[in-house]
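Notes for the one structure printed next.
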Amino acid sequence: MTTLTIYADKAPQKPEKVLTRFEDIRDALGAIGVEFERWEASQPLTATAGQDEVIAAYRESIDRLNAKYGFQSIDVVSMHPEHPQREVARGKFLAEHTHADFEIRFFVDGEGMFYIHHGGKVYMTLCTKGDLINLPANVTHWFDMGPRPNFKAIRLFTTPDGWVGNFTGSDIADHFPRFEAAA
Ligand SMILES: [Fe+2]
């Protein structure tokens with residue numbers, strides 16, 4: 001279930017708040033400039049649907065975001081629990097960082113955990129199937145796909161090479177619960 005757990009950034013042992021209602025999550029993230037939406041497919045998708053089919057199923061929602069932000073490119077990425085590069089992929093963005101571009105993920109399937117560090121708090125956001133999360137440029141965050149990653153996600157970019165991690169050097173991520181959900 002999609003869940004937002006809010007911590008004081010100095011108190012990773014004790015959450016201040018746990019939200020599971022969509023409207024509550026949307027509003028709490030919206031208050032710190034992070035968009036959160038639920039998208040529905042215009043047609044049923046199978047687990048093996050390819051990139052074009054996936055994008056076509058969410059075309060209306062994608063076009064709406066595109067009209068707002070003018071994205072230049074779009075792709076679909078997926079990870080599965082037995083992927084040979086899963087540890088490398090997981091390790092890539094496990095430390096706190098920012099990007100010069102938006103980080104947008106729409107979860108077509110599966111799940112992943114975003115941790116947003118803002119205003120003395122950490123917003124630990126479990127995204128699941130049907131969730132769209134939009135982190136604007138320079139939002140401080142990290143991402144954990146878990147030890148047995150399982151997701152298929154649409155990504156949107158304003159620049160093809162804008163999605164490089166600028167690491168803050170902070171070890172804050174090490175103090176918060178990792179995403180350990182079994183696929
Ligand atoms: Fe990131």
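- Ring geometry for F107 versus F151: interplanar angle over 60°, hence perpendicular rather than tilted (30 to 60°).
- Put simply, the side chain of Q51 gets close to the backbone of V76: a donor and an acceptor are under 3.5 Å apart.
- Ring geometry, Y7 versus F176: the interplanar angle exceeds 60°, so the pair is classed perpendicular (tilted spans 30 to 60°).
- A donor-acceptor contact shorter than 3.5 Å is absent between the side chain of T128 and the backbone of E111.
- Proximity of the aromatic rings of Y69 and F102 is defined here by a centroid distance below 6.0 angstrom, and this criterion is met.
- The backbone N or O of G120 lies less than 3.5 Å from no partner atom in the side chain of K10, so there is not a single donor-acceptor pair.
- Atom CD of E60 has 12 or fewer heavy atoms from other residues, nucleotides or ligands within 6.0 Å.
- In terms of heavy-atom proximity, W39 sits nearest to R64 at NE1-NH2, 3.5 Å.
- Taking a cutoff of 4.0 Å between a charged side-chain nitrogen and a carboxylate oxygen, D9 and K121 do not qualify as a salt bridge.
- Checked for salt-bridge contact, R26 and E35 miss the test: no charged N lies under 4.0 Å from a carboxylate O.
- Among the candidates R178, M124, E180, the single residue satisfying the side chain to side chain contact (heavy atoms under 4.5 Å, CB included) test with M113 is M124.
- Between R148 and E82 there is a salt bridge, since a side-chain N of the basic residue sits under 4.0 Å from a carboxylate O of the acidic one.
- Separation of the Y115 and F143 ring centroids does not fall under the 6.0 Å cut-off.
- For Q43, the CD atom counts as densely surrounded, since its 6.0 Å shell holds more than 12 non-hydrogen atoms of other residues, nucleotides or ligands.
- Judged by distance alone, the side chain of H80 and the main-chain N or O of S78 form no donor-acceptor pair under 3.5 Å.
- Considering only heavy atoms from C-beta on, R38 stays 4.5 Å or farther from L132 through its side chain.
- Using a 30° and 60° split on the angle between ring planes, H141 and F114 fall in the tilted class, from 30° to 60°.
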